[in-house]
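Take a look at the structure set out below.
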Amino acid sequence: MFFKNLTLFRFPNSLRDALDDLDVALDEHRLKPVGALEMSSRGFVSPFGRDDAAMSHQINEGVWLMLGGEDKILPSAVVNDLVAKKATEIEESEGKRLGGRARKRLKDELLHELMPKAFAKPMRTAAHLDLKAGIAAIDTSSRKSAEELLSELRKALGSFPAVPVNPEIAPRSILTAWLTGEPLPAGLSLGDECELKDPVDRGAVVKCQRQELTADEVAKHLEAGKQCSRLALVLDDHLSFVLGDDLVVRKLKFLDGAVESLESNELDSVRAELDARYALMVGELRRLFAVIESAFKLSAYE
């Protein structure tokens, strides 16, 4: 259940009290199967699986919850092909060409027929709320998906005033400085991946993977004026990740230094293992949040 991406938001510490009845609120907004004439459905599910009653899990001032969804699969190419075939049949029988409005009505009618028969694709998006740090981390690199989860959480709670993290220093300048040799925050070290961009509009982009980032070829791109937009980093041999200038954490991995404690403990159930993994994640992400907050001088929630 370890998260693989983190899109970060800040929320006020005063929200702690609003989460006292979180499970009740989430249960009232539980995911319902997508209707016959609906294209999608959204609602919350248990992070422990479909058959578990718990709608969230809290430990060490961390809250783990899960948004679920179902989306009908109706490829536009298939729909357009059916519309074209049906339109041709009508035109041949009536002897006249269908206008734009008639084609639109035809498409709506076909969608109405197809929707009940379409397969529904399930989706899950997890969220971690750090009540101590006032940070919401959504397990996605898509801002749209992250905002969707927060929007559904606001509907469930009535209010959840979270905003994207706001750095006081341009992240690209800090990432570039680290890559050019300026000291990294304590515990951080360079990984083996970066993305360099020419600052001009539609300028050159260079992506390096499995690359020694202190090598001359990387330095030459920096000397030519390119700036670092994504940088692979390692935190205390516990976490590896790629940090973007949008402050989205991608390719997050929990390394042996972090998970070895799990391997040394004998856990008697799947629920106990998930509980232990989440407790570990709460602590590791809290340390990561602290590093990002300090390095980029994240503004407090206002």
Side-chain angles (χ1 to χ4, degrees), residues 1-7 9 22-57 63-93 97-129 136-160 162 164 246 248 250-251 274:
M1 55 74 56
F2 289 141
F3 285 18
K4 297 179 180 179
N5 302 280
L6 305 173
T7 297
F9 298 81
L22 178 62
D23 269 31
V24 175
L26 296 182
D27 190 57
E28 292 175 352
H29 289 76
R30 185 185 287 268
L31 174 66
K32 296 179 176 61
V34 62
L37 298 179
E38 295 178 321
M39 284 300 295
S40 64
S41 176
R42 292 292 182 270
F44 291 94
V45 297
S46 172
F48 291 110
R50 180 178 301 176
D51 299 326
D52 201 289
M55 295 300 291
S56 68
H57 187 54
V63 180
W64 175 26
L65 54 91
M66 186 84 68
L67 179 69
E70 293 184 356
D71 296 298
K72 291 283 184 68
I73 301 174
L74 274 177
S76 57
V78 174
V79 175
N80 292 337
D81 184 57
L82 289 173
V83 170
K85 290 179 178 178
K86 188 67 174 178
T88 299
E89 293 175 4
I90 295 173
E91 289 172 349
E92 290 177 350
S93 65
R97 186 174 180 81
L98 289 182
R101 290 183 180 180
R103 280 181 172 268
K104 185 179 184 305
R105 285 196 301 271
L106 177 61
K107 184 174 183 179
D108 290 341
E109 291 171 1
L110 286 173
L111 284 173
H112 192 80
E113 294 177 11
L114 292 171
M115 283 171 62
K117 305 174 186 177
F119 289 105
K121 180 182 178 181
M123 60 77 64
R124 297 289 185 270
T125 304
H128 163 61
L129 310 180
I138 317 301
D139 187 9
T140 178
S141 60
S142 164
R143 180 76 64 183
K144 180 180 179 182
S145 295
E147 292 281 7
E148 179 182 56
L149 186 146
L150 292 178
S151 176
E152 294 297 326
L153 188 56
R154 292 185 187 103
K155 292 178 184 177
L157 297 176
S159 175
F160 190 82
D246 53 3
V248 172
R250 298 172 174 86
K251 299 184 179 181
L274 287 173

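Computed over heavy atoms, backbone and side chain alike; hydrogens, waters and symmetry mates excluded. Since the model is a prediction, treat every value here as computed from it, not as a measurement.
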(message) What I want to find out is whether Lys155 reaches Glu152 closely enough, with some N-O distance under 4.0 Å, to be called a salt bridge.
(response) yes

(request) Could you pull out the closest heavy-atom pair between Ala127 and Phe3, with the gap in Å? (result) C-CZ, 3.8 Å

(request) Supply the atom-to-atom distance Ile138 CD1 to Arg143 CZ, rounded to the nearest 0.5 angstrom. (result) 10.0 Å

(message) On a heavy-atom basis, which atom in Gly68 and which in Leu31 lie closest, and how many Å separate them?
(response) O-CD1, 3.7 Å

(request) For the pair Asp108 and Arg105, find out whether any cationic side-chain nitrogen is under 4.0 Å from an anionic carboxylate oxygen. (result) no

(request) Output yes when a side-chain donor or acceptor of Lys72 lies under 3.5 Å from a complementary backbone atom of Leu37, and no otherwise. (result) no

(request) Output, in order, the C-alpha distance, side-chain angles, deciding distance and verdict of side chain to side chain contact (heavy atoms under 4.5 Å, CB included) for Thr140 and Leu149. (result) CA-CA 10 Å; Thr140 178; Leu149 186 146; over 6 Å; no

(request) For Ser46 and Ala54, indicate whether the former's side chain and the latter's backbone hold a donor-acceptor pair under 3.5 Å. (result) yes

(message) Between Asp23 and Ser56, do the side chains contain a donor N or O and an acceptor N or O under 3.5 Å apart?
(response) yes

(message) side chain to side chain contact (heavy atoms under 4.5 Å, CB included), that's the test. Do Met39 and Leu111 meet it? Break it down for me.
(response) CA-CA 10 Å; Met39 284 300 295; Leu111 284 173; 5.8 Å; no

(request) Verify, without hydrogens or angle tests, whether Asn5 (side chain) and Asp139 (backbone) share a donor-acceptor contact under 3.5 angstrom. (result) no

(request) State, with a plain yes or no, whether a side-chain heavy atom of Val78 is found less than 4.5 Å away from one of Leu114. (result) no

(request) Give the C-alpha distance, both sets of side-chain angles, the deciding distance and a yes or no for side chain to side chain contact (heavy atoms under 4.5 Å, CB included) between Glu148 and Met123. (result) CA-CA 12 Å; Glu148 179 182 56; Met123 60 77 64; 4.3 Å; yes

(request) First locate atom NZ of Lys107, then atom CG of Asn80, and finally report the distance between them rounded to the nearest 0.5 Å. (result) 4.5 Å

(request) Working to the nearest 0.5 Å, report the span between CG of Asp52 and NE2 of His57. (result) 10.0 Å

(request) Determine whether Leu157 and Leu26 make a side-chain contact, defined as any pair of heavy atoms from C-beta on separated by less than 4.5 Å. (result) no

(request) Give a yes or no on whether the backbone of Lys32 and the side-chain of Ser41 come within a donor-acceptor separation of less than 3.5 Å. (result) yes

(message) I'd like to know if the side chain of Thr125 reaches the main chain of Leu67, judged simply by a donor and an acceptor atom lying under 3.5 Å from each other, with no hydrogens or angles considered.
(response) no

(request) Of all the heavy-atom pairs spanning Ala162 and Leu150, show the shortest one and how long it is. (result) CB-CD1, 4.2 Å

(request) For Val24 and Met55, run side chain to side chain contact (heavy atoms under 4.5 Å, CB included): C-alpha distance rounded to whole Å, both residues' side-chain angles, the deciding distance at 0.1 Å, then the answer. (result) CA-CA 8 Å; Val24 175; Met55 295 300 291; over 6 Å; no

(message) Closer than 3.5 angstrom, by distance alone: can the side chain of Lys121 be matched with the main-chain N or O of Gly69 as a donor-acceptor pair?
(response) no

(request) Please tell me if the side chains of Phe160 and Leu129 come closer than 4.5 Å, counting only heavy atoms from C-beta onward. (result) yes

(request) Might you point out which heavy atoms bring Ala126 and Trp64 nearest each other, and give the distance in Å? (result) CB-NE1, 4.1 Å

(request) Drop me the distance from Leu106's CG to Arg103's CZ, to the nearest 0.5 angstrom. (result) 8.0 Å

(request) May I ask you to test the Thr88-Lys85 pair for a side-chain heavy-atom distance under 4.5 Å? (result) no

(request) Drop me the distance from Phe44's CZ to His29's NE2, to the nearest 0.5 angstrom. (result) 8.5 Å

(request) Give a yes or no answer on whether the side chain of Ser151 reaches the backbone of Glu147 with a donor-acceptor pair at less than 3.5 Å. (result) no

(message) Side chains of Arg42 and Asp71, heavy atoms from C-beta outward: is any pair under 4.5 Å?
(response) yes

